[in-house]
Enquirer: 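One structure coming up, written as structure tokens, with questions to follow.
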Amino acid sequence: MMSEAEALHRQCPQLLPQNREKTIYDGFITIQDRDFRLRIILPPDAKLKNARLQCSVHLKNVLYGYHQIVKQRLQHSCDLSSFILELKTILENALKNRQELYAPPPPQYYSCLVKDIENLGWDKLVFVDSEFSTIQLKVNDSAGREHQITLQLKTNSSLINIQKQFMAALDSMKEFWDVMDEIDKETWVLEPENPTRNATTRRIAIGNNVSVNIEVDPRHPKMLPECYFLGADHVVTPLRSKLNNNIHLWDPENNLLENLKNVLEIDFPVRASTSKSDFSMDCGICYAYCLDTAIPDQVCDDPRCGQPFHQVCLYEWLRGLPSSRQSFNVIFGECPYCSKPIALKMSIKKS
């Protein structure tokens, strides 16, 4: 009968004991004509369940995702030669799966892909990698807006079907984008400065230091959006009252901008006769408009002043005044410009 040492040597002739006690083995395990460095350290009692494996970087990469299986086999194998046999089986499966995962597509994959691109039009191709696995296409929706899509292709992918699905998704967003485009074209949008297609909010200028932030539901873009007014209380309070009192005038058949005008009883400043600088005054403390991503949205309530401030600037200013006082999360003090009373509801963390 073959001894354990003989069985181990037969399984892995390049895995050799490093001490007399035979608790440390170092060498190579060979799978598919490839050698992987392996070191096995057994505890003094030589029980496998407490053994430690030290693998080379290449062996670790091959066994990625199989660590738990190796650990189970280590705990349940009766001797080292049995474990090595099971480890070789695991490695063979791991290598086979990697080969299948990274196997190049058949030639017909490339011919079908090129044919699909020809049918779509080569002018629609923005980018393709050297392996033809990542492709970027551009398409125009029914309103002429250009969109781009990046695809991670599989061997059974059809560019024609993917493009049809993408066009259907674009059509479902048409009404939402029509609404947002009208707002961007007809009003002065203070934020975001360069809105993307997935942006659902707009901060629209109403007057000097007065604006409304709306959030539009992409699924129901003509319904009443969430509205948040920014500006001095003596200007904002009447706008809130009109919104509440005239909400019954909202007609989903009309476009959103027209409904906002009717409900708020206002005309938004038009781009033809005004400029954005008319509504984007700098902060009265730091003398800048943008501070990181924030714009001045705190305004002095005194009608003769109306100076805007960044929230963080006004907070730091009021906190430094000996006469300021705080009640819960509201800090009271004097306006840096007109010295009239001003209050700030804090939504920033204290430093």
Enquirer: What are the two closest non-hydrogen atoms of Q14 and T30, and how far apart are they?
Expert: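 The answer is NE2-OG1, 3.3 Å.
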Enquirer: Evaluate the criterion side chain to side chain contact (heavy atoms under 4.5 Å, CB included) for residue pair D267 and K261; output intermediate values, then yes/no.
Expert: CA-CA 6 Å; D267 284 319; K261 292 178 182 179; 4.2 Å; yes
Enquirer: Can you tell me how far CD of E146 sits from CZ of R197, rounded to the nearest 0.5 angstrom?
Expert: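 Answer for the CZ-CD pair, R197 versus E146, is 10.5 Å.
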Enquirer: Decide side chain to side chain contact (heavy atoms under 4.5 Å, CB included) for W122 and I117; before the verdict, give the C-alpha distance in whole Å, the side-chain angles of both, and the deciding distance to 0.1 Å.
Expert: CA-CA 6 Å; W122 286 98; I117 295 175; 3.4 Å; yes
Enquirer: Quick one: do the N19 and T23 side chains pair a donor with an acceptor below 3.5 Å?
Expert: yes
Enquirer: Give the C-alpha distance, both sets of side-chain angles, the deciding distance and a yes or no for side chain to side chain donor-acceptor pair (under 3.5 Å) between N97 and Y66.
Expert: CA-CA 12 Å; N97 290 336; Y66 292 84; 2.7 Å; yes
Enquirer: How about CZ on F176, more than 12 heavy atoms from neighbouring residues, nucleotides or ligands closer than 6.0 Å, or not?
Expert: yes
Enquirer: Let me know which of Q72, E86, K49 forms a side chain to side chain donor-acceptor pair (under 3.5 Å) with S77.
Expert: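 Option passing the side chain to side chain donor-acceptor pair (under 3.5 Å) with S77: E86.
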Enquirer: I'd like to know if R319 pairs up with E316 as an ion pair, taking the criterion as any Lys NZ or Arg NE/NH1/NH2 lying under 4.0 Å from an Asp or Glu carboxylate oxygen.
Expert: yes
Enquirer: Treating H310 as the side-chain partner and Y289 as the backbone partner, does any N or O pair qualify as donor plus acceptor under 3.5 Å?
Expert: yes
Enquirer: For the pair D123 and K138, evaluate salt bridge (Lys or Arg N to Asp or Glu O under 4.0 Å) and give the outcome as yes or no after the intermediate values.
Expert: CA-CA 8 Å; D123 59 317; K138 63 180 180 181; over 6 Å; no
Enquirer: Should the pair R37-D26 be classified as a salt bridge under the 4.0 Å nitrogen-to-oxygen rule?
Expert: yes
Enquirer: Looking at K345, is its backbone amide N or carbonyl O close enough to the side chain of Y315 to form a donor-acceptor pair, meaning the two atoms are under 3.5 Å apart?
Expert: no
Enquirer: Going only through I, L, V, M, F, W and Y residues with side-chain contacts under 4.5 Å, is there a path from L257 to W177?
Expert: yes
Enquirer: Applying side chain to side chain donor-acceptor pair (under 3.5 Å) to Q152 and T134, what does each step give before you reach the verdict?
Expert: CA-CA 5 Å; Q152 298 289 334; T134 302; 3.0 Å; yes
Enquirer: Do L153 and L113 have side-chain heavy atoms sitting under 4.5 Å apart?
Expert: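 Of all side-chain heavy-atom pairs linking L113 with L153, at least one is under 4.5 Å.
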Enquirer: For A232 and V299, work out which heavy atoms get closest and say how close.
Expert: N-CB, 3.7 Å
Enquirer: Can you find a heavy atom in the side chain of L91 that is under 4.5 Å from one in the side chain of L59?
Expert: yes
Enquirer: Any salt bridge linking D301 with K340? Criterion: basic side-chain nitrogen under 4.0 Å from a carboxylate oxygen.
Expert: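 No.
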Enquirer: Decide yes or no for M180 and P195: does some side-chain heavy atom of the first lie under 4.5 Å from some side-chain heavy atom of the second?
Expert: no
Enquirer: Closer than 4.0 angstrom, basic N to acidic O: yes or no for R203 and D297?
Expert: no
Enquirer: If you define the side chain from C-beta out and look only at heavy atoms, does anything of I342 sit under 4.5 Å from Y337?
Expert: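 No. Closest side-chain heavy atoms not under 4.5 Å.
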Enquirer: Could you tell me which non-hydrogen atom of L243 sits nearest to which non-hydrogen atom of C227, and how far apart they are?
Expert: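 Looking at all heavy atoms of both residues, the closest pair is CD2-CB, 4.0 Å.
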Enquirer: Where is the tightest heavy-atom contact between N140 and G144, given as atom of each residue plus distance?
Expert: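 Distance-wise, the nearest heavy atoms are ND2-O, 4.0 Å.
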Enquirer: What distance separates I266 CD1 from K242 NZ, expressed to the nearest 0.5 Å?
Expert: 8.0 Å
Enquirer: Give a yes or no answer on whether the side chain of N254 reaches the backbone of E258 with a donor-acceptor pair at less than 3.5 Å.
Expert: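 No.
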Enquirer: Evaluate the side-chain proximity of L256 to K222: yes if any heavy-atom separation is below 4.5 Å, no if none is.
Expert: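 They are not in side-chain contact.
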Enquirer: Nearest 0.5 Å please: distance from the NE2 atom of H9 over to the CG atom of L16.
Expert: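 The distance works out to 8.0 Å.
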Enquirer: Quick one: CD1 on I183 to CZ on F268, what's the gap to the nearest 0.5 Å?
Expert: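 I183 atom CD1 to F268 atom CZ measures 8.5 Å (nearest 0.5 Å).
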Enquirer: Would you check if the side chain of S241 reaches a backbone N or O of T237 as a donor-acceptor pair within less than 3.5 Å?
Expert: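 Looks like yes, one N/O pair under 3.5 Å.
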Enquirer: What residues form a side chain to side chain donor-acceptor pair (under 3.5 Å) with H234, not counting sequence neighbours?
Expert: none
Enquirer: Give the minimum heavy-atom separation between C283 and Q307, together with the two atoms involved.
Expert: C-NE2, 4.0 Å
Enquirer: Hey, does Q54 have a side-chain heavy atom less than 4.5 Å from the side chain of R52?
Expert: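 They are in side-chain contact.
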Enquirer: Would one find more than 12 heavy atoms of other residues, nucleotides or ligands at under 6.0 Å from atom CH2 of W188?
Expert: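 Yes, enclosed.
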Enquirer: If only atom types and distance count, is the side chain of W250 paired as donor or acceptor with the main-chain N or O of V263 below 3.5 Å?
Expert: no
Enquirer: Say whether, by atom type as modelled, one donor and one acceptor occur between the side chain of S133 and the main chain of D129 under 3.5 angstrom.
Expert: no
Enquirer: Before giving the answer on side chain to side chain contact (heavy atoms under 4.5 Å, CB included), spell out for I29 and L15 the whole-Å C-alpha distance, their side-chain angles and the decisive distance to 0.1 Å.
Expert: CA-CA 7 Å; I29 181 171; L15 189 65; over 6 Å; no
Enquirer: Can you establish whether the number of heavy atoms outside K60 located under 6.0 Å from its atom NZ is more than 12?
Expert: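 Incorrect, the count does not exceed 12.
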Enquirer: Passes side chain to side chain contact (heavy atoms under 4.5 Å, CB included), L87 versus L74? Steps please.
Expert: CA-CA 9 Å; L87 180 61; L74 195 62; over 6 Å; no
Enquirer: Are the side chains of K47 and L42 in touch, meaning some heavy atoms are under 4.5 Å apart?
Expert: no
Enquirer: Quiz question: by atom type and distance under 3.5 Å, do the side chains of S323 and E334 form a donor-acceptor pair?
Expert: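 Note: S323 and E334 side chains meet the donor-acceptor criterion.
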Enquirer: Just verifying a value: how many Å separate L151 CG and F166 CZ, rounded to the nearest 0.5 Å?
Expert: 8.5 Å
Enquirer: Quick one: does E191's side chain get under 4.5 Å of S211's, heavy atoms only?
Expert: no
Enquirer: Within a radius of less than 6.0 Å around CD of E226, do more than 12 heavy atoms belonging to other residues, nucleotides or ligands occur?
Expert: no
Enquirer: So does F127 have more than 12 non-hydrogen atoms from other groups sitting under 6.0 Å from CZ?
Expert: yes
Enquirer: Which residues end up grouped with V330 if you chain together Ile, Leu, Val, Met, Phe, Trp and Tyr wherever their side-chain heavy atoms are less than 4.5 Å apart?
Expert: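 V330 shares its hydrophobic cluster with F332.
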Enquirer: Verify the neighbour count for atom NE2 of H67: are there more than 12 heavy atoms of other residues, nucleotides or ligands below 6.0 Å?
Expert: yes
Enquirer: I'd like to know if V235 and L190 are part of one continuous hydrophobic network [Ile/Leu/Val/Met/Phe/Trp/Tyr, side-chain heavy atoms within less than 4.5 Å].
Expert: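 No, separate clusters.
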Enquirer: Any chance CG of D292 has more than 12 other-residue heavy atoms, nucleotides or ligands included, within less than 6.0 Å?
Expert: no
Enquirer: Taking E253's backbone N and O only, do any of them form a donor-acceptor pair with D251's side chain (distance below 3.5 Å, no angle check)?
Expert: yes
Enquirer: Is it true that K174 and D178 make a salt bridge, defined as a side-chain N closer than 4.0 Å to a carboxylate O?
Expert: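 Salt bridge: yes.
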Enquirer: Please report the closest heavy-atom contact between P336 and F309, naming both atoms and the distance.
Expert: CD-CZ, 3.6 Å
Enquirer: Establish, from distance only, whether the side-chain atoms of Q136 and T150 form a donor-acceptor pair under 3.5 Å.
Expert: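 T150 and Q136 do have a side-chain donor-acceptor pair below 3.5 Å.
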Enquirer: Under the 3.5 angstrom rule, does the side chain of Q326 hit a backbone N or O of F328 as a donor-acceptor pair?
Expert: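 Here the side-chain-to-backbone pair exists.
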Enquirer: If you count heavy atoms of other groups shown closer than 6.0 angstrom to NZ of K88, is the number above 12?
Expert: yes
Enquirer: Given 3.5 Å as the limit, does a donor-acceptor pair link the side chain of S82 with the main chain of C78, or not?
Expert: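 No; zero donor-acceptor contacts below 3.5 Å.
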Enquirer: When rounded to the nearest 0.5 angstrom, what is the spacing between CD1 in I204 and OG1 in T187?
Expert: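 Reported to 0.5 Å precision, the distance equals 4.5 Å.
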Enquirer: Test your reading of the model: is there a side-chain donor-acceptor pair from D217 to the backbone of P221, 3.5 Å cut-off?
Expert: no
